[in-house]
4 protein chains.
Amino acid sequence: MSGNKIGKMFNVTTFGSSHGVALGAVVDGCPAGLELSIEDIQSELDKRRPGTSKITTSRGETDQVQVLSGIFQGKTDGTPIAAIVYNKDMDSSAYEPFKNKPRPGHGDFCWISKYGLYDYRGGGRGSGRTTIGQVIGGAVAKKLLALLDIKVVAHVTQIGDIKAQKVNINQIESEIENNPVRCADPKAAREMEELILKVKSEGDSIGGIVEVVILNPPAGLGEPVFDKLDADLAKVLMSIGSVKGVEIGAGFEAAHLTGYGMNDEFYVSENGIKTTTNQAGGILGGISNGMPIMARIAVKPTPSISKFQKTVDLEKMEETEIKIDGRHDPCICPRVTSVAKASVAIILADHVIRGGFINPCKL
Amino acid sequence: MSGNKIGKMFNVTTFGSSHGVALGAVVDGCPAGLELSIEDIQSELDKRRPGTSKITTSRGETDQVQVLSGIFQGKTDGTPIAAIVYNKDMDSSAYEPFKNKPRPGHGDFCWISKYGLYDYRGGGRGSGRTTIGQVIGGAVAKKLLALLDIKVVAHVTQIGDIKAQKVNINQIESEIENNPVRCADPKAAREMEELILKVKSEGDSIGGIVEVVILNPPAGLGEPVFDKLDADLAKVLMSIGSVKGVEIGAGFEAAHLTGYGMNDEFYVSENGIKTTTNQAGGILGGISNGMPIMARIAVKPTPSISKFQKTVDLEKMEETEIKIDGRHDPCICPRVTSVAKASVAIILADHVIRGGFINPCKL
Amino acid sequence: MSGNKIGKMFNVTTFGSSHGVALGAVVDGCPAGLELSIEDIQSELDKRRPGTSKITTSRGETDQVQVLSGIFQGKTDGTPIAAIVYNKDMDSSAYEPFKNKPRPGHGDFCWISKYGLYDYRGGGRGSGRTTIGQVIGGAVAKKLLALLDIKVVAHVTQIGDIKAQKVNINQIESEIENNPVRCADPKAAREMEELILKVKSEGDSIGGIVEVVILNPPAGLGEPVFDKLDADLAKVLMSIGSVKGVEIGAGFEAAHLTGYGMNDEFYVSENGIKTTTNQAGGILGGISNGMPIMARIAVKPTPSISKFQKTVDLEKMEETEIKIDGRHDPCICPRVTSVAKASVAIILADHVIRGGFINPCKL
Amino acid sequence: MSGNKIGKMFNVTTFGSSHGVALGAVVDGCPAGLELSIEDIQSELDKRRPGTSKITTSRGETDQVQVLSGIFQGKTDGTPIAAIVYNKDMDSSAYEPFKNKPRPGHGDFCWISKYGLYDYRGGGRGSGRTTIGQVIGGAVAKKLLALLDIKVVAHVTQIGDIKAQKVNINQIESEIENNPVRCADPKAAREMEELILKVKSEGDSIGGIVEVVILNPPAGLGEPVFDKLDADLAKVLMSIGSVKGVEIGAGFEAAHLTGYGMNDEFYVSENGIKTTTNQAGGILGGISNGMPIMARIAVKPTPSISKFQKTVDLEKMEETEIKIDGRHDPCICPRVTSVAKASVAIILADHVIRGGFINPCKL
């Protein structure tokens, strides 16, 4: 059964694989009347694209988006918005050696087990390139959220053992532009970059943590008991390849706390009722409380490494070794920030409509 | 918009609140021909119920389930299975003081913000009692999973700073019966119990970590790119009240690892292809790989504590203080194990059908 | 896979069978703040119930509804509304003879073929009693529609060859109360009643046509290209047992018409733009145009007749004959009016929310 | 809210409008391992395309399909199948006069009312060209159904007052290739063609009836109580532009029948249990009974006619007249046959998976 759709009212269906003809998304349920240009989508895709820095892969996709439908005279018209990116600069030959030898840490073995056949070229549908779909959907969502002054930002807070200092959440967006690691703490950013280059030189890769912050959310987002806001965020974030954990607010630190330490007390502010602390990360009982929403995701190290690893030759059913050379990010965290933002924006767009903050039909 | 349904093919809709007439669930999409008795459901509800130990609340619900439909001559007949539990032993008076004073750490403020009105009695629909619905659904799911020899177990691995030693995953189920904490490490269990009693005596509560293990899953469960198995597990686990984090396999530890340390190498075993380690926690690329599936959730301390906490009187819009007396678990982790198992079982039942392991129509 | 849910935002899940413990529905997605009483639901169930007239079955259910959840202090509170009716006055013995002998015109054979087992008592889940679920959902929907002054009425326009004269659509509701046939044309009503009694005396039954009219719909309901308003109406109406056809506006008469005869011309009225005729039946391109919505359904004669009919003994796999005695309506049309109204109201409630006419969260 | 998706397990999302960049569909939920070529899809699109006969429009689209994803080495690989057709030969100027003057019988007024803005060029998303999406989805579905030897055929049975004689359902497919009207009765076909040319010469159009027959369906398709097979067929057929009625089996004729005349009696045949007649049209209680499934749809005359019609100038809010010249089919019935077949195939593909006749994951 299919699982390529996310969102109930504002929903995004994605398609395409790494070395197929094209990748893309259909956004259905965006209200009519939203100003939307190709550039709005292209600029988000550009941020997702591997850059020219030393710490990212050198695959040279330009990823030009083509909008097929849904925009009329500069505005959404209530019909589905379809947009695609044709694949170019594909080199499938590099994947031939792994055709029948599942790469450790990758989904190859799982896809073959599940479907019997598997487009092994570039990781197929399991490739990071499929996140082009999320980014397209997120670009539309972002425009919708802007109507409510809601903003989503994401930054790298940890690479290996190097942790960033906490920064003012309003400065994250500007700070991360200053370094290729997309870390808002300049000192940690330099150390992270060094660490990434070090593991790269060793043919290895490294994991990290990305934090996503939702600025200015209204109270009242989330649909208990299953479609709670934190539950839907957890789903969409965990669905990003390489994410192995999601936490909201205090997260796993909550295990160490007492109720008195965990609970956020209420007070009356100029902007209504707020909490003095934000251990809850902006969500209580599955519904936003109007405080900034804080989520963190654990990103595993890129599984493609140029070290020998044991695997199994599926044809011969005997053990063997592989070594993965080629163009791979030694640390995927910086690029995950774009995808995480887009994913979260899609969920938020869905919930602002479901929660009645934006008319589902027209603006 | 509604959010009270989980699962696409095997789906569960729950309803009811803490002090309403009844709580229950409708399970739609269970194949016909599954042997199912009222006792199968009742026995799971009994495990969810607060026990008689010193560390749990003393609310004396008997929670007798009544099956309204869907079973014919001892078997499911393909029609929806509805089951309910009437509320008894309700004492709403204890909640009168908090009618207009949202309790810190609870969803009260969020529900009022969202819906304008709120059944404040016993936490309303945000109460832990609503998990009766999940447990009903989970009881049916468990029977379905048993056909494939899939088993879900859950245990407490941490309370406050006390961490349990790792145990053989096949012994978890028997070990946790030996103590009220549902911890598989007897020594840690004793310390945990002491800690819980200590915070209780201080009018406080304490958080912890619960691990859920899926034994004997087939390879091939999960529907990328959004309905990945880990994504759906993350959603259902995060939707449990008081859960603030979810991790799969190495989880947040992955941030510290290199690719070589994270990747699980493949080998040929008697039972097919397996991995030498299980850092992935049984899921790669969103699809199960046949190894045990390991998930952990961060459970926050019970927000109901008998210490004075600052809040706001919503009628007068002025700050005030409240103190919550009454029947509350000082640590919810032991009871969360039942709910987590049930929730995970529902998702698995959905995915075994979606993945074609069980016929969606009849057995 | 399950198919017991209708509606996307305002959705209704129904359960229960003719001779099981109880039947009911869960309404999820009703906005908070709607005034709703048990009496609102009970009064609709009373209309569905077989009456005391000579032309309906004499099964003496009282069908007392019990609301389990979702109403707080006289209003919906945004949580799921569950309501049930316990089965009473059940006499399963009458169905023993047909246990392995599928009744012609009934779904017995299909259910057995599909699920392998089948609750044959009273038609099981295929019974007309399952429409209690629709009526519960429709009662809630009706209250929601009343906020927009939208009203749904239904009347019998044909029984056998007897056709009613057209009446003013605003008089339908009052006129049909004057006769047990629920026909708005008094003269035809008398003839219909005679015809029904005649076929009853012959141990036979008779079909007919029911028209459903939606008064005062706004323009703009319907979500092309698949969830068009007429498409969703066709689905819900065709899902009523015994319905074999659905038409909107001119319906099958359109086959005979030219474009000039079919098209409705526009003009400017006091109440905005209207059409001079209503061949479209209030829906163009799948979206309501503000004119009254007219739908008609073909209702087949009740299949339970006390004449000998050929069938097959499924155990012996040999042909045999059966004769169905017992309590059966000789013409189901009058009772279908209630179910059709309820079904249409559910779809409309879903579409007024989807179309942004009512806030999905709270009133 | 969005309504551009049909099907639950085998589902199709369509997008695009008449004069936009491209139209297309994403098929999600097709099992892996199905042989599928671009030609399989192209050949179905070719049948949908206006032909060169005198009775169809002369818009010269070639409608070359491009498959973007989901096929690997000649087979479906379990990932979404996206396919598009770029719009060419567009002449939007012809629609300028109707920009603010809704055309009678078209959805123009409804779309403007609903969304506030409307792509008026060529009917926008309401155009018949959007059925390219259904045809793409239907082409995939058809291949899946072929695995079970299920076949869908459609033919014109009535145009205006001219009715075709009944033909053997196994000869429909070959007979309709002999005339541009796609009528299986050669004599009626000739008369229909003459009638169509006559109304065309008068600047008018004409309606008709199309019958869809499903050959060789298994017993057991359909998911009561809402997703009954006839209900889902009614929805998808009514969602086709210009369809105003749907009937199954005896359909509206059932209103005239007694139970004895309507009920189909069972007998034991070589191929299992069958019915002697097929008044039910192959579906009882919402589930297929193994007999051929018979559905008929009422198709209204094309609303675009070159006669003066009254409408309203929406800018000036005053009444005016329009006359629609240009390329339009005087009778849409022949082309509806392709769309109806495709639509029905999609629903059937969904139901064979939901019913467990085909594995949802891989073949």
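Values in this document were obtained by computation on a predicted structure and should not be read as measured data. Letters A, B, ... mirror the listed sequences (proteins, then strands); counts begin at 1.
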At a heavy-atom separation under 4.5 Å, does [X] approach chain A through its side chain, its backbone, both, or neither?
X        : value
B/Lys300 : both
B/Ile297 : backbone
B/Ser288 : backbone
B/Ile112 : neither
B/Phe15  : neither
B/Lys5   : backbone
B/Thr302 : backbone
B/Lys235 : both
B/Leu229 : neither
B/His106 : backbone
B/Glu253 : neither
B/Val268 : both

Just give me the residue among [options] that pairs up with chain A most often, heavy atom to heavy atom, under 4.5 Å.
options                                : answer
B/Gly261, B/Gly133, B/Gly208, B/Ala295 : B/Gly208
B/Gly203, B/Ser304, B/Ala219, B/Pro303 : B/Pro303
B/Ile305, B/Thr130, B/Thr311, B/Val225 : B/Val225
B/Asp108, B/Ile248, B/Ile283, B/Leu233 : B/Ile248
B/Ile240, B/Ile209, B/Asp204, B/Leu237 : B/Asp204
B/Gly126, B/Ala254, B/Gly259           : B/Gly259

Any donor-acceptor pair under 3.5 Å linking the side-chain atoms of [Y] with those of [X]?
X        : Y        : value
B/Asn263 : A/Gln309 : yes
B/Asn4   : B/Thr13  : no
A/Thr277 : A/Asp264 : yes
A/Asp313 : A/Thr320 : no

When only pairs under 4.5 Å are counted, which of [options] shares the most heavy-atom pairs with chain B?
options                                : result
A/Arg103, A/His351, A/Lys307, A/Lys101 : A/Lys307
A/Ser242, A/Ala298, A/Gly249, A/Gly286 : A/Ala298
A/Gly222, A/Pro224, A/Gly251, A/Gly241 : A/Pro224
A/Gly290, A/Ala231, A/Pro218           : A/Ala231
A/Gly107, A/Pro104, A/Gly285           : A/Pro104
A/Asp230, A/Val243, A/Val236           : A/Asp230

Measure [X] against the heavy atoms of chain B and call it side chain, backbone, both or neither at under 4.5 Å.
X        : result
A/Ile162 : neither
A/Ile206 : both
A/Glu202 : neither
A/Val246 : both

Neighbour count >12 (heavy atoms, 6.0 Å) for atom [atom1], [X]:
X        : atom1 : answer
A/Phe357 : CZ    : yes
B/Lys310 : NZ    : no
B/Lys163 : NZ    : no

Would you name the heavy atoms of [X] and [Y] that are closest together and state the gap between them?
X        : Y        : result
A/Phe226 : B/Val12  : CE1-O, 4.0 Å
A/Ile159 : A/Cys331 : CD1-SG, 3.4 Å
A/Met9   : A/Pro360 : CE-CB, 3.5 Å
A/Arg354 : B/Ser2   : NH2-O, 2.8 Å
B/Leu284 : A/Gly105 : CD2-O, 3.4 Å
B/Ser239 : A/Lys228 : O-NZ, 2.8 Å

Taking 4.0 angstrom as the limit, do A/Asp329 and A/Lys200 come out as a salt bridge?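 The answer is no: the pair does not qualify as a salt bridge.
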Any residue meeting ring pair (Phe, Tyr, Trp, His ring centres under 6.0 Å) with A/Phe266, in chain and number order, not counting sequence neighbours: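 Testing A/Phe266 for ring pair (Phe, Tyr, Trp, His ring centres under 6.0 Å), a comparison that skips the adjacent residues, returns B/Phe109.
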Output yes when a side-chain donor or acceptor of A/Arg296 lies under 3.5 Å from a complementary backbone atom of B/Phe252, and no otherwise.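 Such a contact is absent between A/Arg296 side chain and B/Phe252 backbone.
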